[in-house]
Structures are given as C-alpha cells and as structure tokens.
A.B. asks: 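Quick one: the structure is below, questions incoming.
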Amino acid sequence: MNDIPPHLFSMICRIAANRTYYFEFDEWRINLRNALFEQSTMAELNIGFDIEVLFTEDPKQNLCKYQLFKNTDSLIQSLKDIENLSAWRFFGIECIDEYETQFLKIASLEMVQYFEKTDLFPQYKSKIIELVNILLTHKYGYELRSVDEKYIKLDQQKGIFYCPDDKSEVNWYDLTYMIISSEAKQVIPENMLKEFECQELNYQLNINFL
C-alpha cells in the first residue's frame with residue numbers, strides 16, 4: 001500500500017474521517033477520526049504518513065476500521081469517471097471541478113483490501129447465521145443490512161449471505177446490523193444477544209454487530 005500517492009491517501013483519509021458519523025461515536029472512534037485527519041494532513045504536506053492509521057489489537061475496532069474504509073470506498077466507487085468534486089468541499093477536499101476519478105477509485109479499493117484482515121476480526125459469521133436460522137425456524141422475519149446499506153438475506157442451504165437486488169454474494173464481515181420485531185427477541189438466547197450491541201427502538205430491536 002506504500003505505492004498509493006500521498007494526495008490520494010490524503011483524500012481517502014479525509015473522506016473516511018468525515019464518514020465516521022455513520023458509526024456510533026465512542027472514545028475510540030473519535031480518536032480514529034482525529035488520527036485520520038492528522039494522517040491526511042501529513043500526507044497532503046508530503047511529510048510521511050502511517051498506513052496503519054491508529055493500529056489496534058482490539059478485533060472489534062479492527063472490524064470497525066475496515067467497515068469505515070469499505071463504506072468510504074462504496075461512496076468513491078459510485079463516482080462518475082469524470083466528476084465535479086467541488087461539491088465535496090464539505091469533506092475538506094480542495095480539488096479541481098472536473099476530476100478524473102480512476103486513480104482515486106483504485107487507491108480506495110487498495111485501502112479496503114489492506115484493512116481486510118479477517119484473522120483480526122471477531123468471528124461472527126456462525127453466530128449471525130445461527131441467529132437468522134433461529135428467527136426463520138420460529139417464523140420471524142428479519143432485516144439484515146450491509147455496510148453499504150444493502151438489504152441482505154441468508155441462503156440457508158449454502159450458508160452464504162447475498163443481496164437479493166443483484167444476487168451478489170456478501171462477506172459476513174460487511175454485515176453491520178439486523179432489525180427484528182420485539183416479539184422475536186423472546187426466541188433468541190440471552191447469551192447470544194450479549195455477543196452484540198442491542199438497542200430497543202419503537203417495537204423493534206436493533207442488533208448491531210460491532
């Protein structure tokens with residue numbers, strides 16, 4: 001990843017820092033946001049930068065960091081080949097109006113792949129599959145979302161997650177949360193719910209995987 005030009009690294013970090021609102025704030029995420037701004041500035045000034053961007057040994061924090069760059073990449077990949085980035089000044093990006101996004105997209109994807117270290121993530125795949133299977137066995141519905149806000153389903157026979165809209169397979173570590181009805185909570189073992197962060201919201205339960 002050392003071959004990413006500093007100005008592209010700076011842009012990606014600055015966008016990511018401004019995307020941290022997508023995740024619930026706590027002290028670690030605030031520190032990450034500040035570190036991203038700092039590394040962005042250092043890269044912009046061409047005085048070196050840290051590709052690890054606030055290294056952590058906490059698996060949940062590493063997963064959060066990956067999902068932040070994945071979320072940022074989804075935004076960047078949606079750009080046109082020639083994009084007017086003047087509208088992105090709220091991200092703190094000073095760029096010419098007409099910008100060729102090809103190399104920015106390549107660099108952003110490389111950032112995602114660099115942080116895609118699944119051996120450092122909490123192993124939630126089997127737990128999420130078990131959770132969905134319990135709900136379906138008791139005939140309860142679920143709404144499962146990915147980091148890019150796509151609606152996701154589980155193929156029970158194959159044990160894989162996929163997006164019904166385009167039939168594409170989805171990695172388990174791209175899953176961010178699930179919404180179920182409050183009634184469905186009664187069929188889920190308490191110890192399973194404790195694996196995740198749960199929030200009661202108007203007759204439904206929001207299960208966050210981070």
Side-chain angles (χ1 to χ4, degrees), residues 1 9-43 49-76 88 90-93 108 111-128 130-132 142-152 161 170-180 182 184-185 188-210:
M1 203 174 80
F9 179 87
S10 177
M11 288 174 66
I12 295 166
C13 283
R14 196 163 292 273
I15 296 168
N18 282 290
R19 296 292 286 176
T20 52
Y21 72 85
Y22 181 84
F23 301 92
E24 188 174 333
F25 272 109
D26 57 23
E27 184 177 356
W28 181 81
R29 289 179 178 87
I30 293 173
N31 289 338
L32 174 60
R33 184 175 187 270
N34 293 337
L36 287 167
F37 278 128
E38 180 182 353
Q39 295 304 321
S40 174
T41 300
M42 290 176 65
F49 52 86
D50 179 13
I51 58 176
E52 286 287 353
V53 192
L54 198 66
F55 174 77
T56 173
E57 295 181 358
D58 185 318
K60 282 190 176 183
Q61 292 179 359
N62 283 323
L63 180 56
C64 175
K65 184 163 58 174
Y66 159 76
Q67 289 188 347
L68 174 60
F69 280 101
K70 177 75 172 184
N71 178 268
T72 300
D73 182 63
S74 295
L75 180 66
I76 291 174
W88 283 36
F90 69 96
F91 281 133
I93 294 175
S108 176
M111 289 279 284
V112 170
Q113 293 170 341
Y114 178 79
F115 286 107
E116 196 172 16
K117 303 174 182 178
T118 55
D119 55 320
L120 299 178
F121 297 163
Q123 299 303 306
Y124 283 155
K125 181 178 181 179
S126 61
K127 295 185 176 87
I128 298 173
E130 184 181 359
L131 181 59
V132 173
Y142 68 93
E143 183 176 313
L144 188 60
R145 293 299 181 104
S146 64
V147 69
D148 50 4
E149 282 296 330
K150 289 183 178 179
Y151 177 56
I152 307 301
F161 298 98
V170 176
N171 296 316
W172 67 266
Y173 44 85
D174 287 337
L175 304 177
T176 54
Y177 69 92
M178 174 192 290
I179 296 176
I180 63 174
S182 295
K185 180 182 176 182
I188 303 173
E190 189 65 29
N191 64 319
M192 182 179 291
L193 289 178
K194 287 181 179 178
E195 293 279 348
F196 310 113
E197 295 181 9
C198 302
Q199 185 179 11
E200 298 279 357
L201 295 171
N202 296 329
Y203 308 108
Q204 63 188 29
L205 183 69
N206 193 344
I207 304 174
N208 297 295
F209 302 134
L210 277 176

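Heavy-atom basis, side chains included; hydrogens, waters and symmetry copies ignored. Numbering starts at 1 and runs along the sequence shown.
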A.B. asks: Kindly compute the distance separating NZ (Lys185) from CG (Leu205), expressed to the nearest 0.5 Å.
C.D. replies: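 One gets 6.0 Å once the value is rounded to the nearest 0.5 Å.
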A.B. asks: If you measure from SG on Cys198 to CG on Asn208, what distance do you get to the nearest 0.5 Å?
C.D. replies: 7.5 Å
A.B. asks: Kindly indicate, with the supporting measurements, whether the criterion side-chain contact (heavy atoms from CB on, under 4.5 Å) is fulfilled by Phe161 and Ile128.
C.D. replies: CA-CA 10 Å; Phe161 298 98; Ile128 298 173; 3.7 Å; yes
A.B. asks: If you measure from CZ on Phe9 to CE on Met42, what distance do you get to the nearest 0.5 Å?
C.D. replies: 9.0 Å
A.B. asks: Looking at residues at least two apart in the chain, or sitting in another chain, which of them share a ring-ring contact (aromatic ring centres under 6.0 Å, His included) with Phe209?
C.D. replies: Phe196
A.B. asks: When you compare the side chain of Glu197 with that of Ile207, does any pair of heavy atoms fall below 4.5 Å?
C.D. replies: no
A.B. asks: Show your reasoning for whether side-chain contact (heavy atoms from CB on, under 4.5 Å) applies to Ile30 and Arg33.
C.D. replies: CA-CA 5 Å; Ile30 293 173; Arg33 184 175 187 270; 5.6 Å; no
A.B. asks: Using every non-hydrogen atom in the two residues, find where Leu32 and Leu68 come nearest and quote the distance to one decimal.
C.D. replies: CD2-CD2, 3.9 Å
A.B. asks: Would you name the heavy atoms of Tyr142 and Ile152 that are closest together and state the gap between them?
C.D. replies: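 Residues Tyr142 and Ile152, closest heavy atoms: CE1-O, 3.9 Å.
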A.B. asks: Okay, side chain of Gln123, backbone of Phe121: is any donor-acceptor separation there less than 3.5 Å?
C.D. replies: yes
A.B. asks: Can you name the nearest heavy-atom pair linking Cys13 to Ser40, along with the distance?
C.D. replies: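 Looks like CB-CB, 3.9 Å.
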A.B. asks: For residues Gln39 and Asp50, report the shortest heavy-atom separation together with the two atoms involved.
C.D. replies: OE1-N, 2.7 Å
A.B. asks: Find the distance between NZ (Lys117) and CG (Leu63) and round it off to the nearest 0.5 Å.
C.D. replies: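 Output value for this atom pair is 13.5 Å.
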A.B. asks: Any non-hydrogen side-chain atom of Arg145 less than 4.5 Å from a side-chain atom of Leu175?
C.D. replies: no
A.B. asks: After noting the C-alpha distance and the side-chain angles of Glu52 and Tyr114, does the key distance pass the side chain to side chain donor-acceptor pair (under 3.5 Å) rule?
C.D. replies: CA-CA 9 Å; Glu52 286 287 353; Tyr114 178 79; 3.0 Å; yes
A.B. asks: Using the side chain to side chain donor-acceptor pair (under 3.5 Å) rule, take Thr56 and Asp58 through it: C-alpha gap first, then chi angles, then the decisive distance, then the call.
C.D. replies: CA-CA 5 Å; Thr56 173; Asp58 185 318; 5.5 Å; no
A.B. asks: Go through it in stages, so that I can follow the logic: the residues are Thr41 and Arg14, the test is side-chain contact (heavy atoms from CB on, under 4.5 Å), and I'd like the CA-CA distance, side-chain angles, deciding distance and then a yes or no.
C.D. replies: CA-CA 9 Å; Thr41 300; Arg14 196 163 292 273; 3.3 Å; yes
A.B. asks: Decide yes or no for Lys150 and Val170: does some side-chain heavy atom of the first lie under 4.5 Å from some side-chain heavy atom of the second?
C.D. replies: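 The answer is no; the side chains never approach within 4.5 Å.
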A.B. asks: Just so I know, are the side chains of Gln204 and Ile179 near enough to count as touching, which here means a heavy-atom distance under 4.5 Å?
C.D. replies: yes
A.B. asks: Are Asn171 and Lys70 side-chain neighbours, meaning at least one heavy-atom pair lies under 4.5 Å?
C.D. replies: no
A.B. asks: Students often mix this up, so state it plainly: with edges at 30° and 60°, are the rings of Phe115 and Phe69 parallel, tilted or perpendicular?
C.D. replies: parallel
A.B. asks: For Asn18 and Phe37: C-alpha separation, side-chain torsions, deciding distance, then whether side-chain contact (heavy atoms from CB on, under 4.5 Å) applies.
C.D. replies: CA-CA 9 Å; Asn18 282 290; Phe37 278 128; 3.7 Å; yes
A.B. asks: Look only at the side chain of Asn71 and the backbone of Val147, and say whether a donor-acceptor pair between them is shorter than 3.5 Å.
C.D. replies: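 A pair under 3.5 Å: yes.
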A.B. asks: For Glu57, does the CD atom have more than 12 heavy-atom neighbours from other residues, nucleotides or ligands under 6.0 Å away?
C.D. replies: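 Result for CD/Glu57: open.
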A.B. asks: Measure the CG-CG distance between Asp148 and Asp174 for me, rounded to the nearest 0.5 Å.
C.D. replies: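 Here the rounded value is 7.0 Å.
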A.B. asks: Are side-chain heavy atoms of Lys65 and Asn62 found at a separation under 4.5 Å?
C.D. replies: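 Result yes, sub-4.5 Å side-chain heavy-atom pair found.
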A.B. asks: Could you tell me whether the side chain of Met111 reaches within less than 4.5 Å of the side chain of Asp73, counting heavy atoms only?
C.D. replies: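 Heavy-atom side-chain distance check fails, nothing below 4.5 Å.
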A.B. asks: Which pair of non-hydrogen atoms, one from Cys64 and one from Trp28, has the smallest distance, and what is that distance?
C.D. replies: SG-CZ3, 3.8 Å
A.B. asks: As a quick check of understanding, evaluate side chain to side chain donor-acceptor pair (under 3.5 Å) for Glu195 and Tyr124, giving each step before the final call.
C.D. replies: CA-CA 9 Å; Glu195 293 279 348; Tyr124 283 155; 5.4 Å; no
A.B. asks: To the nearest 0.5 angstrom, please state how far the OG1 atom of Thr72 sits from the CD1 atom of Ile15.
C.D. replies: 7.0 Å
